[in-house]
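Report on the structure given below.
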Protein chains: 2
Amino acid sequence: MDEILLKKYADVENCPVRNVLDRFGDKWSTLVLLVLDDVAVIRFNEIHKMIDSISQKMLAVTLKSLEADGLIIRKQYPEIPPRVEYTLSERGASLIPHIKSLVQWANANFEDITKSRAAYKK
Amino acid sequence: MDEILLKKYADVENCPVRNVLDRFGDKWSTLVLLVLDDVAVIRFNEIHKMIDSISQKMLAVTLKSLEADGLIIRKQYPEIPPRVEYTLSERGASLIPHIKSLVQWANANFEDITKSRAAYKK
DNA sequence: CAGGATCCGGGTAGATACTG
DNA sequence: CAGTATCTACCCGGATCCTG
């Protein structure tokens, strides 16, 4: 690993690793990004339907923080009833391949890890 | 994205995405893996020195769960004072490239994201 | 040295109700 | 429809103390 990263192990505030982890670490961001990548354009309630285990509140919070980080774009139409559409930004799209490679690893190793975990308990 | 993943959005328990995310999502696992990759063999207190912001407790917890998942190997020597060495397992090593690609993305985008976040607040 | 046990506080997620 | 507001409960993480 780079020297740069090594030195930053201790520097929690400005550590890019920590920073990106805090973004991924949260329960839903990654899943939302994958959904957006999957459907291109989507509305609030549609996301909620696709990830039905997320609460309305957490979906709102997640979308807001993703928007704040410039990973997704929120487009609001001045209509009644209101309509809001979410899409991936360029920055968000550039992140997708990395997430997907992780997901593929997860899929490939999921079963083995589950077995290890079960065996460990004994 | 694959159909398979799509269907699994709703299936929290058996979803590989969720599962791998829960492993990464925790505050320290990824950082510990990076350290292990960096040094090959390392003892408890050495990790603690490198990541000094982690508490003793969380380091122990993190190492245990990584071991349970078969991502690291714990080797204990029957000596006094006790000595325990940690190394990456093959499975753990196979994960490293994926993490690193994510870290690189984080480094490349860290500054811009920080700016976006600051601008959003106004 | 490498942790285990315990206690404790704060933040975060969930449920529910409400609104422009 | 697309959220916000509030309240609560739980869990996580830190600090401290202890031990083989």
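Side-chain atoms are counted along with the backbone in the values below, which use heavy atoms only and exclude waters and symmetry mates. Numbers restart at 1 for each chain; the letters A, B, ... are given by sequence-line order, proteins then strands.
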On a heavy-atom basis, the closest approach of A:I51 and A:V35 is CD1-CG2, 3.8 Å
Angle separating the five-pair end axes of the helix from C:dC1-D:dG20 to C:dG20-D:dC1, nearest 10°, is 50°
Look at the side chain of A:S94 and the backbone N and O of A:R91, then say whether any donor-acceptor pair between them is shorter than 3.5 Å. yes
Practice item. Scan B:Y77 against the nucleic acid and name what it touches under 4.0 Å (heavy atoms): base, sugar-phosphate only, or nothing. Key: nothing
A:T114 meets the side chain to side chain donor-acceptor pair (under 3.5 Å) criterion, sequence neighbours left out, with none
Ordered by number, residues from residues 62-76 of chain A within less than 4.0 Å of DNA chain C (heavy atoms) are none
Residues 71-81 of chain B vs side chain to side chain donor-acceptor pair (under 3.5 Å), sequence neighbours excluded, gives B:R74-B:Q76, B:Y77-B:E85, B:E79-B:R83
| Taking the side chain from A:D38 and the backbone from A:L34, do they hold a donor-acceptor pair closer than 3.5 Å? | no
With a 4.0 Å cut-off (strictly under) to non-hydrogen atoms of chain A, the first and last hit nts on DNA chain D, 5' to 3', are D:dC1 to D:dT4
Hits for salt bridge (charged side-chain N to carboxylate O under 4.0 Å, His left out) against B:K115, two or more places apart or cross-chain, chain-then-number order -> B:E111
The salt bridge (charged side-chain N to carboxylate O under 4.0 Å, His left out) partners of A:D69 (sequence neighbours excluded) come to A:R23, B:R117
Residues passing the side chain to side chain donor-acceptor pair (under 3.5 Å) test with A:S101, sequence neighbours excluded, are B:H98
note: B:F44, atom CZ; C:dG4, atom C1'; distance rounded to Å ~ 10 Å
Here the distance between atom C1' of C:dA2 and atom NZ of B:K49, to the nearest Å, is 13 Å
Residues passing the salt bridge (charged side-chain N to carboxylate O under 4.0 Å, His left out) test with B:E90, sequence neighbours excluded, are none
Protein heavy-atom contacts under 4.0 Å, written 5' to 3' over nucleotides 11-16 of chain C as B (base), S (sugar-phosphate only) or - (none), form the string --BBB-
Sorted by chain and residue number, the side chain to side chain donor-acceptor pair (under 3.5 Å) partners of A:T62 (sequence neighbours excluded) come out as none
Could you see if B:I73 belongs to whatever hydrophobic cluster contains B:W28? Use Ile, Leu, Val, Met, Phe, Trp, Tyr and a side-chain cutoff under 4.5 Å.
no
Salt bridge (charged side-chain N to carboxylate O under 4.0 Å, His left out) pairs touching residues 57-68 of chain B, sequence neighbours excluded, are none
B:I80 CD1 to C:dG3 P, in whole Å, measures 15 Å
Rounded to the nearest 0.5 angstrom, the CE-NZ distance for B:M58 and B:K27 is 8.5 Å
